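In what follows, a structure is listed as structure tokens, so that the remarks can point back to it.
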Amino acid sequence: LLDKKLKIENYLKMKNDVVFKAFFTRKENEVFLKNMLEAMLEQKIKIKRVSHDVRLDQLTQEQKYGTLDLGIELEDKTYVNVEIQLRNHFNIEERSTFYAGKKVAEMLNIGEDYEKMGKVIIIAILDYTFIDLPDYFTETVRVAKKHREYEINNNVKYYYIELDKFRKQKPNMKDALNQWLAFLDMERGDLLEMAKKESKEIEKALDNYEVLTGDAAVKRLAEIRFMEEIDKKSFYAKAESEGMAKGKIEIAKNLINYGMSIEDIVKTTGLSKEEIEELAKENKKLD
């Protein structure tokens, strides 16, 4: 895949949540999921259950309701939820907290002992900068206020991965975590090439990825998902732009009423002289 000039369409990159879920829910790819999670969690794990071989019609339904996350049950009763967000909705902390609380509540049936409750791990893979720190991989822990070395109440843990930061740095590509992040991100061919050379697992994963993305139905579904994200981004950008324009017009009207000169209003609002003069005319008509 990478020996030829690497050219991956944006909508077919692994961070497209349709491609991500279609890839990691295939039974033959469970070894890659295990390898990646072990690199992220820095511990050996045994996977008990994944939603294997998700059908395309199921993916389509999940896409419609925006629930394209990946749930993994481990043998030690830990539940791992992995979600990818391409765009900042400014709610990832609240969303993660809500989902973790919901999963914890679901773990116990009425009358069961708390000891039967497993742990919940939330992994949020973000294609934008979220935390005002240089690190692109952040693990949260709860500690006692006066004894920061003492961890407590860590039945729920959060991992935030910021791909935007990752691709802008010079990561050590001998590290398994960085190899998997290069695979997930797919923005820098040089990092992906190094990951492939350093890891047989990544090389095999890329071969399986090529097979998956050669499926016409998967390609079409991933393209639809990608275009939805583009449309949303365009919509919000336009709404923000129109909101700013309306704000400037309101300010200009107030300054006209206040008696400020047209030249000064142009400097203050950034609107053109012609636009200010038109607003002034409309203002006189209203008077």
Side-chain angles (χ1 to χ4, degrees), residues 1-21 23-24 32-33 35-42 68-70 81-96 121-141 157-199 201-203 205-206 209-210 213 222-223 225-234 236-237 240-241:
L1 175 67
L2 296 181
D3 294 330
K4 307 165 189 175
K5 267 200 167 176
L6 181 63
K7 178 97 169 67
I8 301 174
E9 296 290 344
N10 277 329
Y11 72 92
L12 285 179
K13 287 174 180 168
M14 276 296 300
K15 60 191 175 186
N16 178 308
D17 48 11
V18 168
V19 177
F20 180 87
K21 190 162 189 178
F23 182 87
F24 282 117
F32 304 131
L33 178 61
N35 191 289
M36 182 181 72
L37 290 178
E38 287 181 341
M40 291 177 175
L41 304 179
E42 295 185 309
L68 277 163
D69 49 3
L70 183 64
N81 178 262
V82 187
E83 181 178 0
I84 289 182
Q85 277 200 9
L86 298 182
R87 191 164 49 83
N88 191 354
H89 296 279
F90 302 99
N91 64 359
I92 188 62
E93 280 185 273
E94 295 81 3
R95 182 186 179 98
S96 300
I121 293 175
I122 305 293
I123 300 176
I125 302 169
L126 313 173
D127 201 33
Y128 55 86
T129 297
F130 161 57
I131 301 171
D132 191 21
L133 292 171
D135 312 276
Y136 51 82
F137 182 85
T138 302
E139 173 189 355
T140 69
V141 292
K157 297 191 79 170
Y158 303 88
Y159 293 79
Y160 296 102
I161 299 170
E162 298 165 278
L163 296 177
D164 180 59
K165 288 181 187 175
F166 168 74
R167 75 177 73 103
K168 292 175 181 175
Q169 298 190 24
K170 294 181 179 178
N172 173 15
M173 294 312 295
K174 292 185 181 297
D175 183 83
L177 172 63
N178 292 333
Q179 292 164 5
W180 282 109
L181 295 189
F183 176 72
L184 292 178
D185 189 39
M186 290 187 164
E187 294 290 348
R188 286 182 55 182
D190 59 329
L191 296 183
L192 202 46
E193 187 68 58
M194 284 188 276
K196 178 187 174 185
K197 288 179 180 177
E198 292 290 340
S199 169
E201 284 294 313
I202 297 294
E203 185 177 13
L206 281 165
Y209 160 82
E210 189 172 19
T213 53
E223 183 179 18
R225 183 65 167 178
F226 181 73
M227 290 308 298
E228 283 179 353
E229 288 298 323
I230 295 293
D231 289 343
K232 284 180 186 176
K233 187 175 181 180
S234 175
Y236 286 117
E240 183 180 4
S241 176

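Everything numeric here is computed off the predicted structure, so don't read it as measured data.
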| field | Any I123 side-chain heavy atom under 4.5 Å of L37 side chain | value | yes
| query | Is there a side chain to side chain contact (heavy atoms under 4.5 Å, CB included) between L177 and M40 once you walk through the steps? | reply | CA-CA 6 Å; L177 172 63; M40 291 177 175; 3.8 Å; yes
| For the atom pair CD1 (I84) and CD1 (I125), what is the distance rounded to the nearest 0.5 Å? | 4.5 Å
| message | Among residues at least two apart in sequence or on other chains, which ones pass ring pair (Phe, Tyr, Trp, His ring centres under 6.0 Å) with Y11? | response | none
| query | Can you name the residues that form a side-chain hydrogen bond (donor to acceptor under 3.5 Å, both in side chains) with N178, not counting sequence neighbours? | reply | Y136
| remark: Rounding to 0.5 Å, atoms CG (L70) and CG (D17) come to a distance of 11.0 Å
| query | Which pair of heavy atoms, one from I202 and one from A195, lies closest together, and at what distance? | reply | CB-O, 3.8 Å
| query | At their closest point, which heavy atom of L192 faces which heavy atom of A182, and how far apart are they? | reply | CD1-O, 3.5 Å
| message | Test of understanding: with salt bridge (charged side-chain N to carboxylate O under 4.0 Å, His left out), list the residues that count as partners of D185, not counting sequence neighbours. | response | K15, R167
| field | Sub-4.5 Å side-chain heavy-atom contact between M36 and F24 | value | yes
| task | Using side-chain hydrogen bond (donor to acceptor under 3.5 Å, both in side chains) as the criterion, list what pairs up with T138, not counting sequence neighbours. | result | none
| Can you find a pair of side-chain heavy atoms, one from M186 and one from L12, that are under 4.5 Å apart? | no
| said: I'd like to check the ring pair (Phe, Tyr, Trp, His ring centres under 6.0 Å) partners of Y158; sequence neighbours left out, ordered by chain and number. | reply: none
| task | Taking the side chain as every heavy atom from C-beta outward, state whether K165 and F137 have any pair of such atoms under 4.5 Å apart. | result | no
| Taking only residues two or more places apart in sequence or in another chain, which ones pass side-chain hydrogen bond (donor to acceptor under 3.5 Å, both in side chains) with Y159? | E139
| Taking K157 for the side chain and V141 for the main chain, is one N or O donor matched with an acceptor at less than 3.5 Å? | no
| note | Value for CD1 (I131) from CG (L126), rounded to nearest 0.5 Å, stands at 8.0 Å
| About how many Å separate CG of N81 and CG of D69, when rounded to the nearest 0.5 Å? | 4.5 Å
| field | Pairing residues for N35 by the side-chain contact (heavy atoms from CB on, under 4.5 Å) criterion, not counting sequence neighbours | value | W180, E201
| said: Going by side-chain hydrogen bond (donor to acceptor under 3.5 Å, both in side chains), name the residues that satisfy it together with N10, two or more places apart in sequence or in a different chain. | reply: K13
| message | Working to the nearest 0.5 angstrom, can you tell me the gap between N88 CG and T129 OG1? | response | 9.0 Å
| Partner set under side-chain contact (heavy atoms from CB on, under 4.5 Å) for K174, not counting sequence neighbours | N172, E198
| message | Are there over 12 heavy-atom neighbours, none belonging to E94, within less than 6.0 Å of that residue's CD? | response | yes
| note | To the nearest 0.5 Å, atom CZ of R188 lies from atom CE of M173 at 8.5 Å
| Side-chain heavy-atom pair V82, F20 within 4.5 angstrom cut-off | yes
| Hey, what's the ring geometry for F130 with Y160, parallel, tilted or perpendicular (30° and 60° as the breaks)? | tilted
| task | With ring-ring contact (aromatic ring centres under 6.0 Å, His included) as the test, would you mind laying out the steps for F32 and Y209 before giving the verdict? | result | CA-CA 11 Å; F32 304 131; Y209 160 82; over 10 Å; no
| request: Please examine the side chains of L184 and I161, heavy atoms only from C-beta on, and report whether any two atoms are closer than 4.5 Å. | output: no
| query | Just by modelled atom types, is the A124 backbone N or O under 3.5 Å from a matching donor or acceptor in the Q85 side chain? | reply | no
| message | Test your reading of the model: is there a side-chain donor-acceptor pair from E203 to the backbone of K197, 3.5 Å cut-off? | response | no
